[in-house]
Amino acid sequence: MAPNLLGFRIAHRMMRGDSRRLAAVTGALARGEQRADAARLRAIGEFATKHCAGIHHHHQAEDDVLWPVIVRSAGAEVDLSDLTDDHKALDPLLEEITAAAAELPGSPSAVRRMAASLATLADLLDEHIEEEERLLFPVIEKYVPEEEWERVETEVRKGGQASFDLPRIGQYALPEELAALRRMAGPVLTVMLALMGPGHRRRQKLIFGDL
């Protein structure tokens, strides 16, 4: 059976979607189009910090676990050097965003720095993920054994935060994808999404407003 890439597809969608939304909200704040009190700025900073940590862990797991699996399974079928270079280029941006987030709400300039870095991050992530899915997903489906893929997914999940990631999965998964996840995970996923959903929606409203 071919590896099930659903989890990676949703994770990529989450990374792209939340990078773009954070860039939009910090850009609006930096331009004076929106206002934010201390509570909102703290929430933005906390969300951005967790978001960047999740992206870094995902890329680290790809470098350390997935890439060796692909090389063993597919050999000369794929060149991973450009994707690895992308990860190295993204790391300084993640660090810049995290550093600026730590200064909220005390530094007016932090929002401007975050907005610029997040806009760049969103653009680079779009390009990187589109290229990764175009090049690697067919290779993974063709060459990577299912048990190896399950090991990769286990390593990726180790760095996650369920309280942060699960509600976002519920937010970004398409209805048919969420139904498939429920079939795989059983009733516990439905229960956890129901428990975490209200708090997640309140935080989303505080952070992003009507964006």
Side-chain angles (χ1 to χ4, degrees), residues 1-22 46-74 77-91 93-95 97-98 121-122 124-174 177-186 188-189 192-193 196 200:
M1 184 179 296
N4 185 341
L5 302 181
L6 177 58
F8 258 58
R9 292 186 191 279
I10 297 171
H12 284 171
R13 200 178 302 146
M14 286 161 50
M15 288 190 287
R16 294 177 67 176
D18 280 342
S19 294
R20 188 64 63 188
R21 295 175 77 219
L22 282 166
E46 290 169 2
F47 189 92
T49 298
K50 292 178 181 179
H51 176 64
C52 288
I55 293 172
H56 175 75
H57 171 74
H58 183 93
H59 288 165
Q60 194 71 53
E62 288 182 336
D63 289 339
D64 295 346
V65 184
L66 178 56
W67 285 187
V69 166
I70 291 175
V71 169
R72 286 197 304 271
S73 303
E77 289 292 322
V78 65
D79 180 3
L80 299 170
S81 57
D82 286 346
L83 295 174
T84 300
D85 289 344
D86 285 350
H87 290 175
K88 293 176 182 176
L90 288 166
D91 277 344
L93 275 175
L94 299 175
E95 292 169 4
I97 295 163
T98 302
L121 175 67
L124 291 179
L125 266 184
D126 281 348
E127 181 180 343
H128 170 72
I129 288 174
E130 286 171 9
E131 186 77 351
E132 181 178 314
E133 292 186 353
R134 182 181 67 83
L135 291 176
L136 294 191
F137 278 17
V139 172
I140 292 168
E141 290 175 329
K142 183 174 181 179
Y143 292 104
V144 174
E146 186 180 7
E147 61 273 15
E148 288 272 34
W149 180 250
E150 290 175 357
R151 185 171 68 84
V152 170
E153 288 198 307
T154 298
E155 289 299 318
V156 171
R157 284 195 295 269
K158 282 181 181 178
Q161 300 180 56
S163 61
F164 183 64
D165 292 333
L166 277 179
R168 293 162 68 230
I169 290 171
Q171 175 184 346
Y172 280 99
L174 301 175
E177 293 171 336
L178 196 55
L181 290 174
R182 287 192 170 107
R183 286 195 296 271
M184 289 186 286
V188 65
L189 178 61
M192 293 184 74
L193 287 175
M196 296 176 181
H200 173 71

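This chain uses plain numbering: 1 for the first residue, then up along the sequence.
Taking the six-membered ring for Trp and thresholds of 30 and 60 degrees, H59 and H128 have ring planes more than 60 degrees apart, a perpendicular arrangement.
To the nearest 0.5 Å, atom OG of residue S19 and atom NE2 of residue H51 are 3.0 Å apart. Interatomic distance, CD of E132 versus CZ of F8, reported as 7.0 Å (0.5 Å rounding). One finds the NZ atom of K88 at 10.0 Å from the CG atom of D91 (value rounded to the nearest 0.5 Å). In this structure, CD1 on I55 lies 12.5 Å from NE2 on H57, to the nearest 0.5 angstrom. Atom CG of residue D86 and atom CG of residue L80 lie 11.5 Å apart, to the nearest 0.5 angstrom. Here the straight-line distance linking atom CD1 of I97 with atom CG of L121 works out to 4.5 Å at 0.5 Å rounding.
Contact of the L5 side chain with the W149 side chain is registered, since non-hydrogen atoms from C-beta on lie closer than 4.5 Å. Contact check for M184 versus N4: side-chain heavy atoms found under the 4.5 Å cut-off.
Listed by first then second residue, pairs satisfying salt bridge (Lys or Arg N to Asp or Glu O under 4.0 Å) with a partner in residues 60-72 read R72-E148, not counting sequence neighbours.
Other residues, nucleotides and ligands contribute at most 12 non-hydrogen atoms within 6.0 Å of the CD atom of E127.
Considering H200, Q171, Q161, M192 as possible partners of L166, the one that fulfils the side chain to side chain contact (heavy atoms under 4.5 Å, CB included) test is M192. Between E177 and the options R13, R9, R183, R182, a salt bridge (charged side-chain N to carboxylate O under 4.0 Å, His left out) holds for only R13. Exactly one of R21, R16, R20 qualifies for a salt bridge (charged side-chain N to carboxylate O under 4.0 Å, His left out) with D18. That residue is R21.
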Assess the residue pair H58 and H12 against the criterion (side-chain contact (heavy atoms from CB on, under 4.5 Å)); give the C-alpha distance rounded to whole Å, side-chain angles, the decisive distance to 0.1 Å, and a yes or no.
CA-CA 9 Å; H58 183 93; H12 284 171; 3.3 Å; yes

For L6 and I10: C-alpha separation, side-chain torsions, deciding distance, then whether side-chain contact (heavy atoms from CB on, under 4.5 Å) applies.
CA-CA 6 Å; L6 177 58; I10 297 171; 3.8 Å; yes

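Using a cutoff of 4.0 Å between basic side-chain nitrogens and carboxylate oxygens, D165 and R168 are scored as salt-bridged.
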N/O donor-acceptor pairs under 3.5 Å from side chains in residues 134-145, not counting sequence neighbours:
residue, atom, partner, partner atom, Å
R134, NH2, E131, OE1, 3.2
R134, NH2, E131, OE2, 3.0

